[in-house]
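Every heavy atom of this structure was used, including side-chain atoms; hydrogens, water molecules and symmetry mates were not. Here is how names work: the chains are called A, B, and so on, in the same order as the sequence lines, proteins then strands, and each is numbered from 1.
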2 protein chains.
Amino acid sequence: MAIPASHPLPAVPASPAVISIRALKTHCSNCSVRELCLPVGLEQDALQQLDQLVTNRVRLKKGEVLYRAGDPFSALYAIRTGSCKTTVLAENGHEQVAGYHMLGDMIGMDGIGTDRHGSQAVALEDSEYCVLPFDRLDELARSIEPLRRNLYQFLSREISRDHSVMLLLGSMRAEERLAAFLLNLSQRYRERGYSSTEFVLRMSREEIGSYIGLKLETVSRLFSRFQAEGLIRVQGRAVKLLDIPTLKQLIGQRC
Amino acid sequence: MAIPASHPLPAVPASPAVISIRALKTHCSNCSVRELCLPVGLEQDALQQLDQLVTNRVRLKKGEVLYRAGDPFSALYAIRTGSCKTTVLAENGHEQVAGYHMLGDMIGMDGIGTDRHGSQAVALEDSEYCVLPFDRLDELARSIEPLRRNLYQFLSREISRDHSVMLLLGSMRAEERLAAFLLNLSQRYRERGYSSTEFVLRMSREEIGSYIGLKLETVSRLFSRFQAEGLIRVQGRAVKLLDIPTLKQLIGQRC
DNA sequence: CGACTAGTTGAGGCCAGTCAATGTTGGTGG
DNA sequence: CCACCAACATTGACTGGCCTCAACTAGTCG
């Protein structure tokens, strides 16, 4: 796997923060997250065809918006570096975090059906996205079976992921929610070759709360309590998981 | 079958409740929900090709299981008549209703990515399902653009639907949840040509509660309260919406 | 250094959960 | 047809977990 193991992100080569970067040496074929992303399992020549499709990349600074709810849908986005949140808007104006995405993740899939994005994506840190024009991706997927399979998988996995969140929101108590949130992050960092016990949260207490259905004060209190109980160590947004077994027990114990 | 209402479904010809029915006069081309289901927008010959794919249908009695979590995934299912719920299972054994599906809906899509069903589907009444073998559906979709588009749409719409549920579970108060639940049903019945103000719930109070993140007692109390306030009339599982504007206001008013 | 945002902590209230008793409905078999 | 039973539903009393409101602290950036 790519990525130097322990943690920090591999330094992104300095480059002008321009929207469209062509002929940059970043291709799917040598991308650090190719094993997690759309290219996984593709043959060499399929990879090259995919490379030709991904000619645009977008760089965002923290807080910048990739797309808004209601924007015309034209492409999916694969996260190359960094992380972002997706939020959904209720008719009454309430905004809620629906996803916390990191490198290798694909976002924008809820827009396919309606030709409009159904959610909003906001960078949680400086980050880079591969633009996958959907029409061309679809066209390419027609002929490349593994690519088509991967596309289905991303769509389907998003559904499963949402089901997990529904489970969390619908039946867990506050401490279970936070434990599940932390363990989920831990696993995803591990899958990406980072430390699974020590990482930096890219969301505020309020955003975390919005994601897991709690108020920010409750999130803060729980962080404090988990720390007091020796389960984690928190320093602002830096978290270290100290007692993963007990955290797991927290979410596995109730009927 | 539910509710005669404005333009009821054409009576399904009586037929033996056998699992696999071939050469029955039920085809996509003359199915009553074709405008809501996979065939929507398809040309005549595309329709016929789809017909050839859907050779199996499954009939379930109330309470019977279509698939279980962990079952090998091989097909999607389109609901021809009746309704079912899908449930997801947490690692700790807790089971939660994740979806309430009715005719025209497609289910099983969370199984594509893992080759295993991620949820369980249980009939809420006697109901009938078209079996869509996924490999063959995929093959057919390769060549029929509108079919492929529809497939994407179903996947994408499922994601959007889940986001709505997350919004409901994450930020609404009990009365808002029930109002949203009822209004959602109302709209879906309307789309299907049934009465949007008068219908029979196919789920118990407990199942409804599981779906919208409340306990059954709370659901029951809310039904009683809505009735006392003149918003609805409830008689067991038969519901009549009396004051839709106020119900809408209930979910549209909070920030 | 001051304004601002993010985070922590405390006190109190309320909404929904829990526990429990009772009523209702629908299916089954005598 | 009706008695019976089990599952479902209703209602009340009480509890408690999370929210609300509020004060305070710690960083951050001009």
Nucleotide [N], atom [atom2] - distance to [atom1] of [X] in whole Å:
X         : N       : atom1 : atom2 : value
Lys215(A) : dA16(C) : NZ    : P     : 13 Å
Arg173(B) : dG17(C) : CZ    : C1'   : 16 Å
Leu214(B) : dG17(C) : CG    : C1'   : 10 Å
Leu169(A) : dC18(D) : CG    : C1'   : 15 Å
Gln227(A) : dG7(C)  : CD    : P     : 15 Å
Arg225(A) : dT8(C)  : CZ    : C1'   : 16 Å
Gln235(A) : dA6(C)  : CD    : P     : 18 Å
Glu176(B) : dC19(D) : CD    : P     : 14 Å

In terms of ring plane angle, is the pair Tyr100(A) and Phe181(A) parallel, tilted or perpendicular, where the classes change at 30° and 60°?
->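 It falls in the parallel class, under 30°.
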Salt bridge present between Arg161(A) and Glu158(A) (N-O < 4.0 angstrom) = yes
Listed partners of His117(B) passing ring-ring contact (aromatic ring centres under 6.0 Å, His included), at least two apart =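 Once residues adjacent in sequence are excluded, the partners of His117(B) under the ring-ring contact (aromatic ring centres under 6.0 Å, His included) criterion are Tyr67(B), Phe73(B).
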With a non-hydrogen cut-off below 4.0 angstrom, is Gly213(A) in contact with a base, only sugar-phosphate, or nothing?
-> sugar-phosphate
Is there a donor-acceptor contact under 3.5 Å from the side chain of Ser186(A) to the main chain of Ser196(A)?
-> yes
Would you check if the side chain of Arg177(B) reaches a backbone N or O of Leu214(B) as a donor-acceptor pair within less than 3.5 Å?
-> no
Protein proximity profile, nucleotides 6-11 of chain D - base contact B, sugar-phosphate-only contact S, no contact -, cut-off 4.0 Å on heavy atoms = --SSBB
Any chance you could measure Arg190(B), atom CZ, to Thr197(B), atom OG1, to the nearest 0.5 Å?
->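 The distance works out to 9.0 Å.
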